[in-house]
Amino acid sequence: MRRSLVYSTPQEAARKIGGEYGKEENQLRNPRHAVADGGEILVADTHNHRIVVLNLEGIWRHSFGAFGHGLGMLSQPHGIAVRGGRVYVADTGNHRIAIFSRTGNWLGSWGGIANGDSEMFSYPHSVCWSGDKFFVTSMGSNQVVVLDEKGGEILRLGNPPGSTQMRRQSRVSAPLNQLSWPKGVAVNDDQIYVCDTGHHCVKVFNQQGECIRSWSLVESSSDGTPSDVACLEFAWGIASFGKHVFVAQQELLPSCDTWADAGRKVLAFTLDGELVNSVSIPGSGDFTGLSVDEQSIYVCDDDEHCVWRLWRAGNGGVVSEKPTARTVSGPSPLRSKPQQGWAAQIAKAAQQVSVPSVALDNDSVLVGDLP
C-alpha cells in the first residue's frame, strides 16, 4: 500500500520556541538539546553555557549554570536527561556529566579532569537513562559509555580505548563495531540505538556491547559506491518511544551544493529500521538533539536558536498536517516570525528526486505516492 503525506506550514505542524539570538532572558544561542519533563521544557542553551527552563508554552521560568570549569559551572552543554528529580547534563567542554537538582542546585559530577577521571569521557554529547543504566556518547573516543546509577563504568560500545580517529567512511566499508563521531543515543527493548554520524547510519547494539545491525537510507550504485541519495547524511539526534525510533538529521538533497541548500527532517522508523514517516522544516541550520514524549517531539535548531515542538501523529509517526486535537493559538514571547515560501521549496525538492507533488496553496504541498 502506498500513501501520500501533506506537509503543512511549520507554524501549523509545529510550534517554534525561541528564535531570538542573545544571552538575556527569552534568548538562546545555539541550543543543542531539549527535553520535556514534569510540565517543563529543559533546553541546553549551549553557547550561553546554561540550562534554560521553560513551561510547555515556551514561557521563560529560570536558568542555571554559567561558563566555567568549577562546581555548578558548564562549558558548552549538550545532552540532558531527567530522572528522580535530578538533571543530568553532558557538560561537553568539561568532559563530564554535571548533576543538578530541578531547581539548579549543584549535586555533583561524573568524570571530568577535576574528579581525576579525564579518561572516562572525551567530549560527552548525548545522554539517556534506561532502567538503572546511564548511556553517554563520548565523541572524542568514538564510544558509548554505559554507567551504573552511581556513575561507575559498566561497559563501552564502539572503538577500543585509545582509538580516537574520526573516520569519514561509508557504512559499508566501516567495521560494524566501529563508531565515528557518535552523537545521539537511545535505548528501547534492551537495544541501544546510536547515531553513528561519521558513518552516516544508525547502529544497534545489544546489552553485551555487540553491534547487531545498522541501517541507513544511503543507496549504493552497482559498483558499491554511495549514490547521491543520502537521507542519513548527517544524523544527529535520536530518541525512542513505544515501537518507534525518531532521528533528527541534516539532509543533503541530490541537487544541493552547500549546506545552505540542505533540507532538515525528523524521521520515524520502526525498531527494525523501516522508515514509516517523516516531516521537513525548511531552513539552513542543523537539527541537533531530539527527545520524545507521549504527545510531542522536541528538536533543536542550532542556527535559528530555537526548539521545534512537533505533534506526534498516529502509529508513532511525526505530525504531517495541522493537528486537530491540539492547535496553536497566538504567539508566545519566544516565538519568531513565520517563514515564507516553504511549500514551493518542498515541491521543488520533490520534483528533483522524481516524487510527484502538488502545491495545494501557499501554505501546504502534497507529496504523493510514498512507500
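Just so you know, residue 1 is the first one in the sequence shown, and it goes up from there.
- Separation of atoms CG (Leu28) and CD (Glu304) is listed at 12.5 Å; rounding is to 0.5 Å.
- Closest of all the heavy-atom pairs between Val185 and Ile238 is N-CG2, 3.3 Å.
- Looking at heavy atoms from C-beta onward, Cys306 lies out of side-chain contact with Ile17 at the 4.5 angstrom threshold.
- By the rule that hydrophobic residues join a cluster once side-chain heavy atoms approach within less than 4.5 Å of another member, Val35 and Phe134 end up as members of separate clusters.
- Formation of a donor-acceptor pair under 3.5 Å by the Ser138 side chain with backbone atoms of Ser122 is found in this model.
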Starting from the C-alpha separation in whole Å, work towards a yes-or-no answer on side chain to side chain contact (heavy atoms under 4.5 Å, CB included) for Trp60 and Gln27. CA-CA 9 Å; Trp60 180 282; Gln27 296 178 330; over 6 Å; no
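- Note on Val53: it does not cluster hydrophobically with Ile59, by side-chain heavy-atom contacts below 4.5 Å among ILVMFWY residues.
- Residues Pro77 and Ile51 come closest through the heavy atom pair CB-CD1, 4.3 Å.
- The line from CG of Leu290 to CG of Leu267 is 10.0 Å long, rounded to the nearest 0.5 Å.
- Between Arg32 and Asp302, at least one side-chain nitrogen of the basic residue sits less than 4.0 Å from a carboxylate oxygen of the acidic one, meeting the salt-bridge criterion.
- Under the 4.5 Å side-chain heavy-atom criterion for ILVMFWY residues, a single connected hydrophobic cluster contains both Val144 and Val187.
- Taking the side chain as every heavy atom from C-beta outward, Leu56 and Arg309 approach each other to under 4.5 Å.
- Residues His125 and Thr137 bring no donor and acceptor atom of their side chains to less than 3.5 Å of each other.
- Within the 4.5 Å cutoff, no side-chain heavy atoms of Ile297 are placed close to those of Phe241.
- Between Ala186 and Ser240 the shortest heavy-atom distance is CB-N, 3.9 Å.
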Determine, stepwise, if the pair Phe234 / Gln249 fulfils side chain to side chain contact (heavy atoms under 4.5 Å, CB included). CA-CA 5 Å; Phe234 201 75; Gln249 64 102 33; 5.6 Å; no
For the pair Asp37 and Arg102, evaluate side chain to side chain contact (heavy atoms under 4.5 Å, CB included) and give the outcome as yes or no after the intermediate values. CA-CA 10 Å; Asp37 183 84; Arg102 286 298 298 261; 2.4 Å; yes
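- There is a path of hydrophobic side-chain contacts, each under 4.5 Å, that joins Trp129 to Val136.
- Between Asn177 and Phe205, the closest side-chain pair of non-hydrogen atoms falls below 4.5 Å.
- The environment of CZ in Arg86 is sparse: at most 12 heavy-atom neighbours from other residues, nucleotides or ligands sit within 6.0 Å.
- Expressed to the nearest 0.5 Å, how far SG of Cys211 lies from CG of Leu179 amounts to 7.5 Å.
- When atom types are taken as modelled, the side chain of Asn188 and the backbone of Gly242 share a donor-acceptor pair closer than 3.5 angstrom.
- At a threshold of 4.5 Å between side-chain heavy atoms, the hydrophobic network of Ile, Leu, Val, Met, Phe, Trp and Tyr places Phe269 and Leu271 in one connected group.
- The closest donor-acceptor contact from the side chain of Asp196 to the backbone of Val202 lies at 3.5 Å or more, if one exists at all.
- Rounding to the nearest 0.5 Å places NE2 of His49 at 6.0 Å from CD of Gln76.
- Asn48 places no side-chain N or O within 3.5 Å of a backbone atom of Glu24 that could act as its donor or acceptor partner.
- Ala34 approaches Cys300 most closely through the heavy-atom pair N-SG, 3.6 Å.
- Considering only heavy atoms from C-beta on, Asn142 comes within 4.5 Å of Pro182 through its side chain.
- Gln208 contributes atom CD, which lies 10.5 Å from atom CG of Leu157 (distance to the nearest 0.5 angstrom).
- Judged by distance alone, the side chain of Thr197 and the main-chain N or O of Trp236 form no donor-acceptor pair under 3.5 Å.
- Residue Val145 comes nearest to Met120 through the heavy atom pair CG2-O, 3.8 Å, listed as atom of the first residue, atom of the second, then distance.
- Nearest approach of Pro31 to His305, heavy atoms of both residues: CD-CA, 3.6 Å.
- In terms of modelled atom types and a separation under 3.5 Å, the side chain of His95 and the main chain of Tyr123 share a donor-acceptor contact.
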If you apply the rule side chain to side chain contact (heavy atoms under 4.5 Å, CB included), what do you find for Arg15 with Glu57, and how did you get there? CA-CA 9 Å; Arg15 181 165 192 171; Glu57 298 303 316; 2.6 Å; yes
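- Counting only heavy atoms from C-beta outward, the side chains of Phe100 and Leu74 approach each other to under 4.5 Å.
- Put simply, OG on Ser216 and NZ on Lys203 are 11.0 Å apart, with the number rounded to the nearest 0.5 Å.
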Show the numbers, then the answer: is there a ring-ring contact (aromatic ring centres under 6.0 Å, His included) between Phe121 and Trp110? CA-CA 9 Å; Phe121 312 115; Trp110 297 335; 8.2 Å; no
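- Of the possible polar contacts, one joining the Thr92 side chain to the Pro124 backbone as a donor-acceptor pair under 3.5 Å is found.
- Looking at heavy atoms from C-beta onward, Gln191 lies in side-chain contact with Ile212 at the 4.5 angstrom threshold.
- Using a 4.5 Å heavy-atom cutoff, the side chains of Gln178 and His199 are in contact.
- Side-chain N or O atoms of Lys183 include none that pairs as donor or acceptor with a backbone N or O of Ser126 at under 3.5 Å.
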